[in-house]
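Written out below as structure tokens is the structure these notes cover.
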Protein chains: 2
Amino acid sequence: MSKIHDIKCLHCKQSSEIFASLDSDELERIEVCRVNMHYNAGEIIFKQGSPCYDFVCITTGLVKLFIEGDDDRRLIIGFAKPVDYIFVPGAYVDKRHHFTAVALEETTACLVEADIIQNLVKTNSQFANSFIRKISANSIGLYEQMSSLTHKQIPGRMSDTLIYLSTKVYNSNPFSSNLTRQDLAELSGMTKESAIRVLKTFKDDGIISANANQIEILNMPMLEAISRNG
Amino acid sequence: MSKIHDIKCLHCKQSSEIFASLDSDELERIEVCRVNMHYNAGEIIFKQGSPCYDFVCITTGLVKLFIEGDDDRRLIIGFAKPVDYIFVPGAYVDKRHHFTAVALEETTACLVEADIIQNLVKTNSQFANSFIRKISANSIGLYEQMSSLTHKQIPGRMSDTLIYLSTKVYNSNPFSSNLTRQDLAELSGMTKESAIRVLKTFKDDGIISANANQIEILNMPMLEAISRNG
DNA sequence: AATTTTTAATGATCTATATCATCACTCCAA
DNA sequence: TTGGAGTGATGATATAGATCATTAAAAATT
């Protein structure tokens, strides 16, 4: 991790909805105090339980967010990608991180003191509104994942995971990622072995193709049906 | 369900943190448009998937909130009690309810148009702050439940449920509730039969006592140990 | 008081999925 | 070139927990 040279906040204002409501003066306030960071694949950006001082905004790369349980079970609860900040619920509550963020690939991020953002929420009602909208969408996503994890069994959960990755994370159909089978398993609340096995049945049934790190959904209606039937 | 006569908003301002930052003028704005409702035990306050127009604030009674999956599996994701409003994430996103709210006992609630609250968020930064804090705490709770549901097995999950009920919902140790075994199961992500069985082993081991609708945690350290060990 | 409905309790069985063990393959470092 | 170290793939086995079936008890309704 090292501080690197980078472009202005204005660029982020253009790419990310959440910053659209900020004027140049407000952007300047962020500009002066932000720290640009670089992370290699696999590096921890912040860890569950640690104190949270900063808002993290991903400018390039991809980050996975996961909850760590006792022993070493993990549950991936989402991803952060350019250009969006990671909503850290502890920032307003106990100043602790409640999940861990790890770079999946080479990633750059801006760190901004939590106070600055919280001040913008107070002074710019438009920004506060987008902020709450973002948190709300986040919550809705959590409800959906919870529902999938607790109500469905393995094929249904893996379907949800694949659909989620294709439509929400990579936004393309043959999508290539460097997610391992272990990652897919942690997204779907199952073991690596189970993940490998369902993926194989999906392949055998011509629902998906999966070579190396590229996955293609060949039969989306079928996948959706499996998701629906749990 | 019927509209009934009731006390002023000022009372709620006194009891609930979230309304503390509102001045008399703002309370008046709420006062004039709110509708007071009465629900009998078992009645639906709002249902998953239905459009959401109003913020719901519970003034007396107790409400359970749950996600409905396909078939008729449910997952209880929390409770609402006096005096607090139910955070409805759809209000800022898709104007839909993402979970169902049902009165567990005789309950009264105030309904306030979502617009009014959203306006208060815009005009009163102190209120916006408490609002975000509340949502954040909500998210943290969701992460904790998710972690419990996906990482722990039955005894651990039931321990979490009992500890949660005693410390967060009823705030007393021998607590009496009209939650059924089915409800306890839906809180813990298991079947009714499994819930009955763990509760029996807990009773046999002297960890809890459970008669009729009263449950007492007799050995909290042991229950916490079970929770920790999954 | 009688009857129907809901809830609780418990045993028997089944199955989805975890666990364990092994092997092949790739990639990187020594 | 040779070993790890990480990942993927598969089979064998074990088991936690669901499902099914039944009875008992309590609550609600007639």
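Note that the coordinates shown come from a computational prediction; the quantities given were computed from them, not determined experimentally. Letters go in sequence order (proteins before strands), and every chain restarts at 1.
Taking atom CG of residue A:Asn211 and atom C1' of nucleotide D:dA9, one finds them 15 Å apart after rounding to whole Å. Note: NZ (A:Lys192) to P (D:dA9) measures 11 Å, nearest angstrom. If you measure from atom CZ of A:Arg73 to atom P of C:dT19, you get 5 Å, rounded to the nearest angstrom. With rounding to whole Å, A:Ile196 atom CD1 is found 17 Å from C:dT22 atom P.
Residue B:Ile154 is classed as a sugar-phosphate contact, given heavy-atom separations below 4.0 Å to backbone atoms only.
No hydrogens or angles considered: nothing links the side chains of A:His98 and B:Glu144 as a donor-acceptor pair under 3.5 Å.
Remark: the A:Arg181 side chain and the D:dT10 base include no donor-acceptor N/O pair separated by less than 3.5 Å. Judged by atom type and distance alone, B:Arg197 reaches the base of D:dT19 through a side-chain donor-acceptor pair under 3.5 Å.
Heavy-atom nearest nucleotides on DNA chain C were determined for A:Met190 and for B:Lys203, and the one closer to the 5' end corresponds to B:Lys203.
Checked for salt-bridge contact, B:Glu68 and B:Lys47 meet the test: a charged N lies under 4.0 Å from a carboxylate O.
Taking side-chain N and O atoms only, A:Ser194 has no distance below 4.0 Å to OP1 or OP2 of C:dT17. Taking only side-chain nitrogens and oxygens, B:Thr191 comes nearer than 4.0 Å to OP1 or OP2 of D:dA18.
Every pair passing salt bridge (charged side-chain N to carboxylate O under 4.0 Å, His left out) that includes a residue from residues 149-174 of chain A is listed here, sequence neighbours excluded: A:Lys152-A:Asp160.
Taking the six-membered ring where the residue is Trp, A:Phe46 and A:His97 present parallel rings, their angle staying beneath 30° rather than reaching 60°.
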